[in-house]
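Here's the structure, in structure tokens; my notes come after.
Quick note: numbers below take in every heavy atom, side chains included, and nothing from hydrogens, waters or symmetry partners.
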Amino acid sequence: MPATLNRVHPLIIESLNSVMEGASIDRETAYNLINGHSIVFQALTETANRLRDLGKGRYVSYSRKVFIPLTTLCRDRCSYCDFRKEPNHPQGRFMTPDEVLQVAEAGQRFGCTEALFVLGERPEQRYPEARGQLKRLGYNTTMEYVEAMCQLVLKETTLLPHSNPGNMTLKELARLKEVNASLGLMLENVSERLCAQGEPHEMAPSKRPRARLSTLRRAGELRIPFTTGLLIGIGETPEEVIDSLFAIKELHDTYGHIQEVIIQNFRAKPTIPMRDHPEPTTEYIAKVAAMARVILGGSMNIQVPPNLSPGEYGLFLSAGINDWGGISPVTKDYVNPEAPWPEVEAVGRVCAEKGFELKARLPLYPEYILHKDDYLPDALKERIRSHVDAEGFVKGGVIR
């Protein structure tokens with residue numbers, strides 16, 4: 001038993017020890033843990049660390065990517081978002097196929113393996129200008145255009161697409177599965193309260209928890225390796241964080257398709273309605289990451305974006321994470337443009353100092369490549385496997 005646990009309430013000790021023995025933590029205990037004092041935090045992170053080491057070993061991964069902001073137009077108006085633009089804004093448009101290919105080809109030259117498509121949700125439902133742009137490009141819907149641009153990247157480059165186009169129907173998911181190594185949708189939070197008047201999701205119909213959970217469930221039914229996560233610091237309570245993690249756990253326990261959970265912190269920006277809203281502390285982000293590990297288990301991939309909390313890599317490693325997400329040598333983070341990507345070598349040095357080996361992965365995690373063949377799109381199986389070594393990481397991708 002770690003020394004820290006000797007100073008923690010016996011019921012907490014019992015619960016954390018049972019997690020190490022393979023039991024699931026109950027919701028009430030999770031509420032107590034996330035609201036616990038500093039000694040409980042230490043005990044929590046020690047347990048999360050041990051779980052990560054048992055489930056993942058001493059590897060930490062990242063994906064070498066390019067960020068393709070296919071359109072900044074969006075039907076939603078989230079109070080924390082600086083990404084969306086109005087049609088009268090110079091950036092309020094769709095990228096052209098030539099622009100998409102230019103970014104993807106630059107990524108290929110710099111050794112990237114992932115083309116991350118990020119975009120606003122179904123802007124054609126709100127803006128006639130978006131419908132007009134799509135028509136001029138030769139498409140009726142944003143989802144059709146996403147699919148076509150994924151096909152273009154696959155045809156013309158060695159990159160593998162990973163798309164985050166918002167909520168998707170079963171048919172849309174099935175079509176996008178065939179041209180993506182994996183897909184994603186941030187759950188953000190399951191709280192209906194955050195959709196009420198004056199709350200951050202008031203004017204964002206696609207952020208209704210039921211809609212988000214439905215997309216995650218459909219992806220599970222189709223056996224799509226899926227990325228999701230929480231947005232921390234937008235006004236949610238600790239209990240709502242726990243409820244969101246349990247919602248993810250329930251879906252993954254049923255379908256086995258959640259390949260990673262991102263713990264992303266809110267960043268205040270001068271251009272957003274929430275510009276004066278306080279940002280979450282790095283310790284709280286680490287606590288949520290540790291809770292994700294304890295609730296979701298040692299085999300889950302837990303990620304914290306390194307550019308949103310620079311200088312805190314060691315803290316997050318100590319909280320049980322095993323992934324840094326996408327890091328680009330070519331493109332900025334268009335969702336958080338004020339936060340530059342770190343140098344991969346710098347991240348690797350911190351990992352090494354903490355006793356970890358940093359390895360490059362595809363937008364698909366090794367366990368899906370090696371052990372879940374039926375989750376891979378048939379057309380991409382050979383291509384995916386050609387990129388990886390015997391452990392499922394990118395060939396020659398060790399960063400020391």
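- Distance alone, capped at 3.5 Å, places no donor-acceptor pair between the Arg50 side chain and the Met20 backbone.
- Side chain of Ser309 to backbone of Thr282: no donor-acceptor contact under 3.5 angstrom is found.
- The list of ring-ring contact (aromatic ring centres under 6.0 Å, His included) pairs with a residue in residues 98-142, not counting sequence neighbours, reads Tyr139-Tyr145.
- Between Leu16 and Leu33, the closest side-chain pair of non-hydrogen atoms falls below 4.5 Å.
- Nearest heavy atom pair, residue Arg385 against residue Leu376, reads NH2-CD1, 4.2 Å.
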Decide salt bridge (Lys or Arg N to Asp or Glu O under 4.0 Å) for Lys332 and Glu338; before the verdict, give the C-alpha distance in whole Å, the side-chain angles of both, and the deciding distance to 0.1 Å.
CA-CA 9 Å; Lys332 65 183 178 181; Glu338 80 287 352; over 6 Å; no

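- Using a 3.5 Å distance cut-off with no hydrogens or angles, the side chains of Asp26 and Thr29 do pair a donor with an acceptor.
- In Glu178, the CD atom is crowded: over 12 heavy atoms of neighbouring residues, nucleotides or ligands sit closer than 6.0 Å.
- Between the side chain of Asp333 and the backbone N or O of Asn336, at least one donor-acceptor pair lies under 3.5 Å.
- Using a 4.5 Å heavy-atom threshold, the side chains of Leu70 and Pro165 count as separate.
- In terms of modelled atom types and a separation under 3.5 Å, the side chain of Asn180 and the main chain of Ser163 share a donor-acceptor contact.
- Pro69 has its side chain within reach of Phe67: a pair of non-hydrogen atoms, C-beta onward, lies under 4.5 Å apart.
- If you take CD on Glu199 and OG on Ser79, they are separated by 8.5 Å, rounding to the nearest 0.5 Å.
- Using a 4.0 Å cut-off between charged nitrogen and carboxylate oxygen, Asp53 and Lys56 do not count as a salt-bridge pair.
- Inter-residue side-chain proximity for Arg64 and Ile327 is flagged as unmet; no heavy-atom pair is nearer than 4.5 Å.
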Stepwise side-chain contact (heavy atoms from CB on, under 4.5 Å) check, Glu357 with Cys351
CA-CA 6 Å; Glu357 189 172 50; Cys351 290; over 6 Å; no

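- Listed for the Ser299 side chain is no donor-acceptor partner under 3.5 Å among the backbone atoms of Gly55.
- A side-chain N or O of Tyr31 and one of Asp243 form a donor-acceptor pair less than 3.5 Å apart.
- When all heavy atoms of Val261 and Gly229 are compared, the closest pair comes out as CG1-CA, 4.1 Å.
- Rounded to the nearest 0.5 angstrom, Asn164 CG and Thr227 OG1 are separated by 7.0 Å.
- Rounding to the nearest 0.5 angstrom, the gap separating the CD atom in Glu172 from the CG atom in Leu183 is 11.0 Å.
- Atom-to-atom distance recorded for Leu231:CG and Arg267:CZ is 12.5 Å, nearest 0.5 angstrom.
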Please lay out, stage by stage, how Glu343 and Val347 fare under the test side-chain contact (heavy atoms from CB on, under 4.5 Å).
CA-CA 7 Å; Glu343 293 289 336; Val347 177; over 6 Å; no

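- Two residues are said to be in side-chain contact when any heavy atoms from C-beta on lie closer than 4.5 Å; Gln264 and Leu308 meet this criterion.
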Please determine whether side-chain contact (heavy atoms from CB on, under 4.5 Å) holds for the pair Glu260 and Ile302, giving the CA-CA distance in whole Å, both sets of side-chain angles, and the decisive distance to 0.1 Å.
CA-CA 6 Å; Glu260 67 178 339; Ile302 308 294; over 6 Å; no

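- No salt bridge links Arg223 with Glu221; every basic N to acidic carboxylate O contact stays at or beyond 4.0 Å.
- The main-chain N or O of Ala247 is never found under 3.5 Å from a side-chain atom of His252 such that the two would form a donor-acceptor pair.
- The shortest side-chain heavy-atom distance between Leu245 and Met291 falls under the 4.5 Å cut-off.
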Quick one: do Glu86 and Arg84 satisfy salt bridge (Lys or Arg N to Asp or Glu O under 4.0 Å)? Show the steps, please.
CA-CA 7 Å; Glu86 293 289 331; Arg84 78 175 301 280; 3.0 Å; yes

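- With Trp324 as reference, Tyr313 is the one residue of Tyr313, Tyr62, Phe356 to meet the ring-ring contact (aromatic ring centres under 6.0 Å, His included) rule.
- With rounding to the nearest 0.5 Å, the separation of CE in Met274 from CG in Asp82 is 13.0 Å.
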What's the verdict on salt bridge (Lys or Arg N to Asp or Glu O under 4.0 Å) for Glu144 and Arg175, showing C-alpha distance, side-chain angles and the deciding distance?
CA-CA 9 Å; Glu144 289 178 2; Arg175 291 182 66 91; over 6 Å; no

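- Arg27 forms a cation-pi arrangement with Phe246, by the criterion of a distance under 6.0 Å to the ring centre and an angle within 45° of the ring axis.
- A pairwise comparison of heavy atoms in Pro161 and Leu154 identifies CD-CD2, 3.4 Å as the closest pair.
- Residue Lys269 qualifies as enclosed at atom NZ: its count of foreign heavy atoms under 6.0 Å is above 12.
- With hydrogens and angles ignored, the 3.5 Å screen pairs no side-chain donor or acceptor of Lys85 with any backbone N or O of Leu73.
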Pair His201-Leu194, side-chain contact (heavy atoms from CB on, under 4.5 Å): steps then yes or no:
CA-CA 6 Å; His201 291 156; Leu194 295 176; 4.2 Å; yes

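- In terms of heavy-atom proximity, Ser182 sits nearest to Pro363 at OG-O, 2.5 Å.
- Between Glu391 and Lys359, at least one side-chain nitrogen of the basic residue sits less than 4.0 Å from a carboxylate oxygen of the acidic one, meeting the salt-bridge criterion.
- In this structure, Thr157 contributes its side chain and Leu159 its backbone to a donor-acceptor pair below 3.5 Å.
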Would Lys207 and Glu121 count as a salt bridge (Lys or Arg N to Asp or Glu O under 4.0 Å) if you check the C-alpha gap in whole Å, the side-chain angles of each, and the deciding distance to 0.1 Å?
CA-CA 10 Å; Lys207 297 298 176 72; Glu121 174 135 356; over 6 Å; no

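- Between the side chain of Thr228 and the backbone N or O of Leu187 there is at least one donor-acceptor pair closer than 3.5 Å.
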Let's go through Arg293 and Asn322 carefully: what are the C-alpha distance in whole Å and the side-chain angles of both, what is the deciding distance for side chain to side chain donor-acceptor pair (under 3.5 Å) to 0.1 Å, and is it a yes or a no?
CA-CA 10 Å; Arg293 174 63 68 200; Asn322 69 294; 2.9 Å; yes

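- Between Ile224 and Leu173 there is a side-chain heavy-atom pair separated by less than 4.5 Å.
- Taking the side chain as every heavy atom from C-beta outward, Arg383 and Leu160 approach each other to under 4.5 Å.
- The two atoms that bring Ala289 and Ile321 nearest to each other are CB-CG2, 3.9 Å, heavy atoms only.
- For the pair Arg361 and Phe393, the cation-pi test (distance below 6.0 Å, angle within 45°) is failed.
- When atom types are taken as modelled, the side chain of His162 and the backbone of Leu116 share no donor-acceptor pair closer than 3.5 angstrom.
- Once rounded to the nearest 0.5 Å, the distance linking OG1 of Thr45 with CZ of Arg52 reads 10.5 Å.
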Give the C-alpha distance, both sets of side-chain angles, the deciding distance and a yes or no for side chain to side chain donor-acceptor pair (under 3.5 Å) between Asn301 and Glu367.
CA-CA 10 Å; Asn301 298 296; Glu367 56 265 35; 2.8 Å; yes

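- A cation-pi arrangement, defined by a distance under 6.0 Å to the six-membered ring centre and an angle within 45 degrees of its axis, is present between Lys372 and Tyr375.
- Shortest non-hydrogen contact noted between Gly233 and Glu236 is N-OE2, 2.8 Å.
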